[in-house]
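The chains referred to below are lettered A, B, ... by the order of the sequence lines, with proteins before strands, and numbering in each begins at 1.
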Protein chains: 2
Amino acid sequence: MLTTAGKYAIRAVIYLAIHSSPQRKVGAKTIADDLEIPQAFLAQLLRTLTVDKVISSSKGPGGGFYLDEGDRKNTLWQAILSIDGEHRFQECFLGLSKCDDAHPCPVHHMVSPFKKEMLFNFQERTIAQLIDEVKENGTVVSLKMSPEKEVL
Amino acid sequence: MLTTAGKYAIRAVIYLAIHSSPQRKVGAKTIADDLEIPQAFLAQLLRTLTVDKVISSSKGPGGGFYLDEGDRKNTLWQAILSIDGEHRFQECFLGLSKCDDAHPCPVHHMVSPFKKEMLFNFQERTIAQLIDEVKENGTVVSLKMSPEKEVL
DNA sequence: TAATAAAATGATATTTTAATCATCTATGAA
DNA sequence: TTCATAGATGATTAAAATATCATTTTATTA
């Protein structure tokens, strides 16, 4: 569904939504350390996300990556598009090139509702809304991969 | 969610459910040609599926792969387990090692219900049931990857 | 304006997944 | 019992994804 790169990207964007602002930029190293993502690899992804206007960045001392108000109106879908592309997410569960309601693969009817709903969620909810929901739900949001040393 | 290998495997199992019986075995080459899957690669997968008792095989002239009545009581989940393993399918959408209802990742509540439902479908429906449903629905079932030259 | 911090860029390396190849073994039929 | 067929096995290669490295550019601040 998503590549490792895509998962990293989403986590990084959410991290920035929680931890950054135009006044509070965060370096790639800090994000990588906190999320336990390889630094150099994450840096590449952050660059791509920046080029695609999903996040913002500035160079030099005090610089780093951040989300401004405009960025917060983006959706996670835009992050997915930027890193993994549309096809990765949309493709048929069995990998068939032509699989839709009219020409369903054998598991299409089992999988399709799931994908439509998820796609809708990713495309319709802004980062800002997502963060609000996370806070309202009082859910413990760990962005780290290993369970031992949580940060959030 | 699934590797290419896992997708191939599911398609091959469904193919066998439609086209094979103990009296009508199908060679790896035939399956590979019909499904447009690399022969040698598919052969590896079929072997693994055979070892794991998901499908049956016999050597020699007139031999090939097939499903017997017992095999048809298997689920697609067993094919998935055989080729991709549990983790590939179950893992957190964002790749976190610890992500459950108690410690949800930021998109857990968006993704979880669907994964549960899909998992249930794959684990509870036998191959035989699945094929029946496909036939009842009257759906055009193509197992090929390219849209031009359909077989089923 | 010099020093430094941090992103940008591009190249390279590693690992995993996918695919191929050559050979061996078992089976059924002539 | 010999031959052809088809799966079994193991090794190897290729491609894609993941990860790393070295260098350059930009911006801040002392």
Side-chain angles (χ1 to χ4, degrees), chain A residues 1-12 16 20 22-33 35-67 80 82-85 87-89 91 94-95 145, chain B residues 1-12 16 20 22-33 35-67 80 82-85 87-88 91 95 145:
Chain A
M1 199 128 232
L2 292 179
T3 64
T4 300
K7 294 171 185 172
Y8 288 168
I10 291 178
R11 290 168 61 209
L16 287 174
S20 82
Q23 292 76 42
R24 190 183 297 266
K25 293 157 188 166
V26 189
K29 182 172 180 347
T30 302
I31 305 174
D33 286 350
L35 299 186
E36 290 175 352
I37 295 175
Q39 288 181 32
F41 191 44
L42 177 63
Q44 287 182 332
L45 303 175
L46 292 171
R47 212 185 330 139
T48 302
L49 290 169
T50 304
V51 168
D52 291 344
K53 314 274 191 201
V54 177
I55 66 179
S56 301
S57 74
S58 74
K59 285 184 173 181
F65 298 92
Y66 62 98
L67 301 189
I80 292 171
S82 173
I83 301 300
D84 278 349
H87 181 258
R88 220 7 169 294
F89 198 95
E91 69 182 345
L94 296 185
M145 311 191 76
Chain B
M1 200 128 232
L2 294 179
T3 63
T4 300
K7 294 171 185 172
Y8 287 168
I10 292 179
R11 290 168 60 209
L16 287 175
S20 82
Q23 292 76 40
R24 190 183 296 266
K25 294 156 189 167
V26 188
K29 181 170 180 354
T30 302
I31 306 175
D33 286 350
L35 300 186
E36 291 176 351
I37 295 174
Q39 286 181 33
F41 190 42
L42 177 63
Q44 288 182 331
L45 303 175
L46 292 172
R47 215 185 327 140
T48 302
L49 290 169
T50 304
V51 169
D52 291 344
K53 314 272 191 202
V54 178
I55 65 179
S56 302
S57 74
S58 74
K59 284 184 174 182
F65 298 92
Y66 62 99
L67 301 189
I80 292 171
S82 174
I83 301 300
D84 278 349
H87 181 260
R88 219 7 166 297
E91 69 182 347
M145 311 191 74

Colleague: Of A:Leu49, A:Thr30, A:Thr50, which meets side chain to side chain contact (heavy atoms under 4.5 Å, CB included) against A:Phe65?
Modeller: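 The single option meeting the side chain to side chain contact (heavy atoms under 4.5 Å, CB included) with A:Phe65 is A:Thr50.
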Colleague: Looking at B:Lys25 and B:Tyr66, what are the two nearest heavy atoms and their distance?
Modeller: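 For B:Lys25 and B:Tyr66, the tightest heavy-atom pair comes out as CG-CD2, 3.3 Å.
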Colleague: B:Gln39 CD to C:dA18 P: how many Å, rounded?
Modeller: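 Going from CD in B:Gln39 over to P in C:dA18 covers 19 Å.
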Colleague: Which atoms form the tightest heavy-atom contact between A:Asp84 and A:Gly6, and what is the distance?
Modeller: OD2-CA, 3.5 Å
Colleague: Do B:Thr48 and B:Gln44 come within less than 4.5 Å of each other through their side chains, counting heavy atoms only?
Modeller: no
Colleague: Using a strict cut-off of less than 4.0 Å between a Lys/Arg side-chain nitrogen and an Asp/Glu carboxylate oxygen, indicate whether B:Glu91 and A:Lys7 qualify as a salt bridge.
Modeller: yes
Colleague: Using a 4.0 Å cut-off to any heavy atom of chain A, which nucleotides of DNA chain D are the first and last in contact, reading 5' to 3'?
Modeller: D:dA17 to D:dT28
Colleague: Which heavy-atom pair separates B:Ala32 from B:Pro38 by the least distance, and what is that distance?
Modeller: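 Nearest heavy atoms, B:Ala32 then B:Pro38: CB-C, 4.4 Å.
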Colleague: Can you measure B:Leu42 atom CG to C:dT20 atom C1' for me and round it to whole angstrom units?
Modeller: 13 Å
Colleague: Using a 4.0 Å heavy-atom cut-off to protein, can you give one letter per nucleotide of nucleotides 5-16 of chain C, 5' to 3': B if the base is in contact, S if only the sugar-phosphate is, - if neither?
Modeller: BBBSB-B-----
Colleague: State whether B:Thr4 places a side-chain N or O below 4.0 Å from either non-bridging phosphate oxygen (OP1 or OP2) of C:dA18.
Modeller: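 For C:dA18, OP1 or OP2 has a side-chain N or O of B:Thr4 closer than 4.0 Å.
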Colleague: Nearest-nucleotide wise, let me know which of B:Lys25 and B:Ala40 is further upstream toward the 5' end of DNA chain C.
Modeller: B:Ala40
Colleague: Specify the closest pair of heavy atoms between A:Leu67 and A:Ile55, including all atoms of both residues, with the distance to one decimal.
Modeller: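 Nearest heavy atoms, A:Leu67 then A:Ile55: CD2-CG2, 3.5 Å.
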Colleague: Would you give the length of the straight line joining atom CD1 of A:Ile83 to atom OG1 of A:Thr3, rounded to the nearest 0.5 angstrom?
Modeller: 8.0 Å
